[in-house]
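Notes to accompany the following structure.
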2 protein chains.
Amino acid sequence: MVQKNKPPPAAKIGAPAVPKRRGRPRAYEPDVALGKALDLFRRAGFAATSLDDLSAATGMNRPSLYGAFGDKRELYIKSYRRYRDDARAAMGAVFRDEAPLRQRLERIYAIALDIYLSGEAGPRGCFTVMTAGSEAVSDPAIRAMVLEGLTELDKAFANCFRLAKERGELAGSADTTALAHLASSTIHTIAIRARACVPRKELEAIVKGALDVMCGPK
Amino acid sequence: MVQKNKPPPAAKIGAPAVPKRRGRPRAYEPDVALGKALDLFRRAGFAATSLDDLSAATGMNRPSLYGAFGDKRELYIKSYRRYRDDARAAMGAVFRDEAPLRQRLERIYAIALDIYLSGEAGPRGCFTVMTAGSEAVSDPAIRAMVLEGLTELDKAFANCFRLAKERGELAGSADTTALAHLASSTIHTIAIRARACVPRKELEAIVKGALDVMCGPK
DNA sequence: ATTCTTTTGTACCATTTTGAACAAAAATCC
DNA sequence: GGATTTTTGTTCAAAATGGTACAAAAGAAT
C-alpha cells in the first residue's frame, strides 16, 4: 500500500520551492499517482474503473485519494488534463519547428503511435477519443475538454499546412482546412484501430497512404 | 412495465412461420426490446448501463431479460450485432449500386450522419467506435467484432474507389486502398465529433472537404 | 516535552448491481 | 377440465461501489 520506501529526499541546498510542509508527510508523490490513475482510466474508461482499482494502483487509500484529487469525476478530469499536457509536451516541439511538411507530419504520427500503442495491458488508444465515446461526454465540463482537444489538434495541423503552402511545398489551390481535418481524421482512425489491436505495421501503412494523399507521394 | 397492450396479433392466414408457441405468451417483442437496449448502450456504454436501466427501458424484468438475451455481456453483443445489421441495411444499397463515385460517397456520409446524430438524449455516435474506446475491447469476442466492423467498412470503400478507377473517374495512379482508409477515417472523425456535439453543419463541411480531396473538387 | 497540523489506515454506511430462486399466471395439448 | 409448458413478477442474497468518520501516526512549531 506504500508507493515508495525512500526516506524524504534530502532537500537540495538552496531549493526554496519546498518550504517544509507542516504535518505528517505524504506517502505518495502526487505526480506518479496521477500517472497510475491515468493508466487505469485509459485502459478501462471512467465507469469501469473503480475507486478500489485506483486505490490499489496508486498505492493511496481512498481517503488520501479524496484529499489529493477530489472525487472520482475530478480525478478523471485531472487525469485527462495530465494526458493532454503530456501529449502537448511530446508533440509541441514538432508543431512549433519549421521542418518540411512531410517530415513534421511523419514525426507527429510516430509520436501518436507511441502514445496509442504503449501500455502493458494492450494498446491504450487516445484518451480524447475514448472519452468522447464514453458516458463522460454527458458531463458538460468533460465534453468541453474533448471538444477543446479536437479543435486544438485541428488548428495545429492547419498551421502546418498553411506554412507549407506559404513555402510552396503545397499547391496554391490546396484547402488547408480540409487537409487539417484529414490529418486529424488520420489521428482518430489510428487511435481507434490501435485500440482494436491492429498491429503497428498496418497503422504505419495507413499513415503512409494518408501522407501520400495529403502531401503528394514521396 | 408492460411493453404494449395489444392482444396477440391475429395470426395471418397461411403464415407458417408462427407455429404457435406453447406456454405463456411473451409480453414483449424481442426486436423492439433489443432496439431499446441498443439505445441505452449507445448512450452510456457498457459499464455505465445497468440491468435496471435495461429492464426499465425494455419493459422486461430482469429474469425475462436473462431468458431472452442471456447476461449483460451477451445482450451487449446482441445489441452490437443489431446495430451493425441496421447500418448494413441502411448503407448496403449505396455500396452495391453503381452511381458515380462522389454521389455514392455523399450518400454514405449522409446516412452515417443520420445514424450518429440521431437520438433524443444527444448524439449517439458510432457504436463500433464507442465500443473500441470502451473497456469492452478487452473481451476478445467483442474486439473481434470491432475489427470486423472496421475492415468491412474499409473494404466497402475500397470497392467504390476501385470501381471508380476502372471507370476513369479517378486517375490511374490513385491508390484505392489509401483512399479507402481516408474515407473510413472521415467516418471515424465525424463519429467522434458528433459525440462531442459538433453541429451537423460543421460535420457536413468536414465531409465536403474530405470529398474534395478524395474525388477532386466538384 | 508538548502542542498543533496534516496525512494515513481502518472501519463503516448507504446504495447500487448482478444474478438466481420460486410461486403465480397464461397459454397450448390431451 | 386437467396436465404441461413457458413466461412473468416478486423477492432475496451476495458482492461491489462511491463516499465518509475517526482515531492513530508522523512530522514541524513552540
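Below, all heavy atoms of this structure are taken into account, side chains as well, without hydrogens, waters or symmetry copies. Within every chain, numbering begins at 1; the chains are lettered A, B, ... in the order of the sequence lines, protein sequences first and strands thereafter.
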In whole Å, I'd like the distance from the [atom1] atom of [X] to the [atom2] atom of [N].
{"X": "Leu54(B)", "N": "dT18(C)", "atom1": "CG", "atom2": "P", "value": "8 Å"}
{"X": "Tyr28(A)", "N": "dT6(C)", "atom1": "OH", "atom2": "C1'", "value": "10 Å"}
{"X": "Asp52(B)", "N": "dT18(C)", "atom1": "CG", "atom2": "C1'", "value": "9 Å"}

Specify the residues of residues 62-75 of chain A, ordered by number, for which at least one heavy atom lies under 4.0 angstrom from an atom of DNA chain C.
Pro63(A), Ser64(A)
Strictly below 4.0 Å, heavy-atom distances to any atom of DNA chain C: list the hits from residues 137-146 of chain A, or just say none.
none
Which residues pass the ring-ring contact (aromatic ring centres under 6.0 Å, His included) test with Phe95(A), not counting sequence neighbours?
Phe157(A)
Tell me which one of Arg104(A), Arg102(A), Gln103(A) satisfies side chain to side chain donor-acceptor pair (under 3.5 Å) with Glu106(A).
Arg102(A)
Using the salt bridge (charged side-chain N to carboxylate O under 4.0 Å, His left out) criterion, which residues pair with [X]? Sequence neighbours excluded.
{"X": "Asp52(A)", "value": "Arg62(A)"}
{"X": "Glu98(A)", "value": "Arg167(A)"}
{"X": "Arg24(A)", "value": "none"}
{"X": "Glu148(A)", "value": "Arg84(A)"}

So does Phe69(B) get a backbone contact from the side chain of Lys78(B), meaning a donor-acceptor N/O pair under 3.5 Å?
yes
Show me the protein contacts with nucleotides 23-26 of chain C, counting only N or O atoms at under 3.5 Å.
residue: dA25(C); atom: O4'; partner: Arg24(B); partner atom: NH1; Å: 3.4
residue: dA25(C); atom: N3; partner: Arg24(B); partner atom: NH1; Å: 3.4

Can you pull out how bent the helix from dA1(C)-dT30(D) to dC30(C)-dG1(D) is, comparing the axes over its first five and last five pairs, to 10°?
0°
Summary of salt bridge (Lys or Arg N to Asp or Glu O under 4.0 Å) pairs that have at least one residue in residues 125-146 of chain B, sequence neighbours excluded:
Arg73(B)-Asp139(B)
Can you find a heavy atom in the side chain of Leu34(A) that is under 4.5 Å from one in the side chain of Ser79(A)?
yes
Check: Leu203(B) and Tyr116(B) side chains under 4.5 Å, non-hydrogen atoms:
no
Output yes when at least one side-chain N/O atom of Asn61(B) is less than 4.0 Å from OP1 or OP2 of dT8(D), else no.
no
Is the shortest distance from a Lys or Arg side-chain nitrogen in [X] or [Y] to a carboxylate oxygen in the other one below 4.0 Å?
{"X": "Asp85(B)", "Y": "Arg88(B)", "answer": "yes"}
{"X": "Asp31(A)", "Y": "Lys36(A)", "answer": "no"}
{"X": "Arg81(B)", "Y": "Asp86(B)", "answer": "no"}

Would you give me the side-chain donor-acceptor pairs under 3.5 Å for residues 37-46 of chain A, sequence neighbours excluded?
residue: Asp39(A); atom: OD1; partner: Arg124(A); partner atom: NH1; Å: 2.7
residue: Arg42(A); atom: NH2; partner: Ile115(A); partner atom: O; Å: 3.3
residue: Arg42(A); atom: NH2; partner: Gly125(A); partner atom: O; Å: 2.3

Of residues 44-51 of chain B, the positions that come close to DNA chain D - non-hydrogen atoms, cut-off under 4.0 Å
none
Nearest 0.5 Å, what's the NZ-CG distance between Lys208(B) and Leu211(B)?
8.5 Å
